[in-house]
Amino acid sequence: MKKICIITTGGTIAMKEDRAAGGLVPAVSGADLAASARGITDWADIAVKEFSNIPSEFMTPERMMDLARAIDGMAEEADGFVVTHGTDTMEETAFLLETVLHTEKPVVLTGAMRGASDLSADGPANLLDAVKTAVSPGAAGKGVLVVMGGRVHAARYVEKMHATLPEAFRSPQWGPAGTVYADRVVWAGAPERKARLHPARLASHVWLVKCAAGTEADIFHAAIAAGADGLVVEGFGCGNVPRGADAGIRDAIAAGLAVVLVSRTAAGSVAREYAYDGGAGSLEDAGAVLGGSLSGQKARLLLMAALGAGCSREEMRTLFRD
Ligand code: DAS
């Protein structure tokens, strides 16, 4: 039987209602969490390691790097890893882990949209599904995965798309990578682990700017003035931005910031479709890097890692290309 190490970091999956406090609070240990998933030991030998017990809105890129180092440090102790994590930033942790981990062993993140004491708590079933996925032969070589609501998602494409419902996690780009059944996991297309970087540190000042109608140059000038190392811009559609934003982005490039352009749409990729200033093509020609189909928050993490690894603009273009 394979050995799976469950690493707990916190989140709603490990919370219970505290009426006096007026809501959910961290309250479940790693061991109790594992014990709550009835049948888990039919699938694997389970070890549990408590990494932290925080809501994931308090998770930071630096703590994600600590988690990656912890997993790599234990890589020889298990055949795979399940990380329990809050849902708010789960997609970010999953993507950065995929980007920086040395181990090729399965790493599966899961959590819960309902607390452990809630009616129809989803945590135990998600945890069992995550272990089933981690021991599945099909998990090998698919990078870091997220399992929620009976679906397996690739770290690169998964997004939390609803604030509260158990079916919050989707992969709008290509759909889920697999489905978990009572007796097995059935895999869809094969997600690939694209980015491999091992930066000694992350660049810490990378801004993320979402364009809206009429966005001006001022916010980009603020990034320059703040000494940002890099800037991710979420443009409209296939990477189009307002005239003011176009001017601000060009100023940022001229000031030496690394600029990555993605789309604010939930699916699809930026593309050189329009010939005028404000389109992705003219901004790429001005020195921006086209960020493919990545979400803004994931492109920001990849840019933090790429800058930390000292990547050139051309290396970044290869890294971000879909
Ligand atoms: N408490 C939020 C978090 O930790 C939500 C959750 O965990 O599901 O991300």
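Whatever order the structure lists them in is the order used to number ligands and atoms, beginning at 1.
Considering backbone and side-chain N/O of A112, one or more are found under 3.5 Å from N/O of ligand 1. Backbone and side-chain nitrogen or oxygen atoms of D88 are examined, and one is located within less than 3.5 angstrom of a nitrogen or oxygen of ligand 1.
Assignment of E57 to the shell around ligand 1 is supported, since a heavy atom sits closer than 4.0 Å. Judged by the shortest distance from any of its heavy atoms, G111 lies outside the 4.0 Å radius around the atoms of ligand 1.
Here the side chains of T133 and T110 are not in contact, with every heavy-atom distance at 4.5 Å or above. Residues P61 and M304 meet the side-chain proximity criterion, which asks for heavy atoms closer than 4.5 Å.
Looking at atom 9 (O) of ligand 1, its nearest protein heavy atom turns out to be S56 OG, 2.4 Å. In this structure, atom 8 (O) of ligand 1 lies nearest to the protein heavy atom T87 OG1, 2.6 Å.
Ligand 1 places these atoms under 4.0 Å from at least one heavy atom of G11: 4 (O), 7 (O). Remark: ligand 1 atoms within the under-4.0 Å shell around heavy atoms of P55 are 4 (O).
Among T12, D122, T89, the residue whose heavy atom lies closest to atom 5 (C) of ligand 1 is T12.
Only one option out of L96, V262, V158, T99 pairs with K298 in a side-chain contact (heavy atoms from CB on, under 4.5 Å); it is V158.
D72 has no carboxylate O lying under 4.0 Å from a charged side-chain N of R69, or vice versa, which leaves the two without a salt bridge.
Relative ring orientation between W174 and Y157 is described as perpendicular, the plane-to-plane angle rising above 60° on a 0-90° scale split at 30° and 60°.
The environment of K2 atom NZ is dense: over 12 non-hydrogen atoms of other residues, nucleotides or ligands sit within 6.0 angstrom.
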task: Step by step, work out the side-chain contact (heavy atoms from CB on, under 4.5 Å) result for R250 and D277.
output: CA-CA 10 Å; R250 292 170 191 275; D277 285 359; 3.3 Å; yes
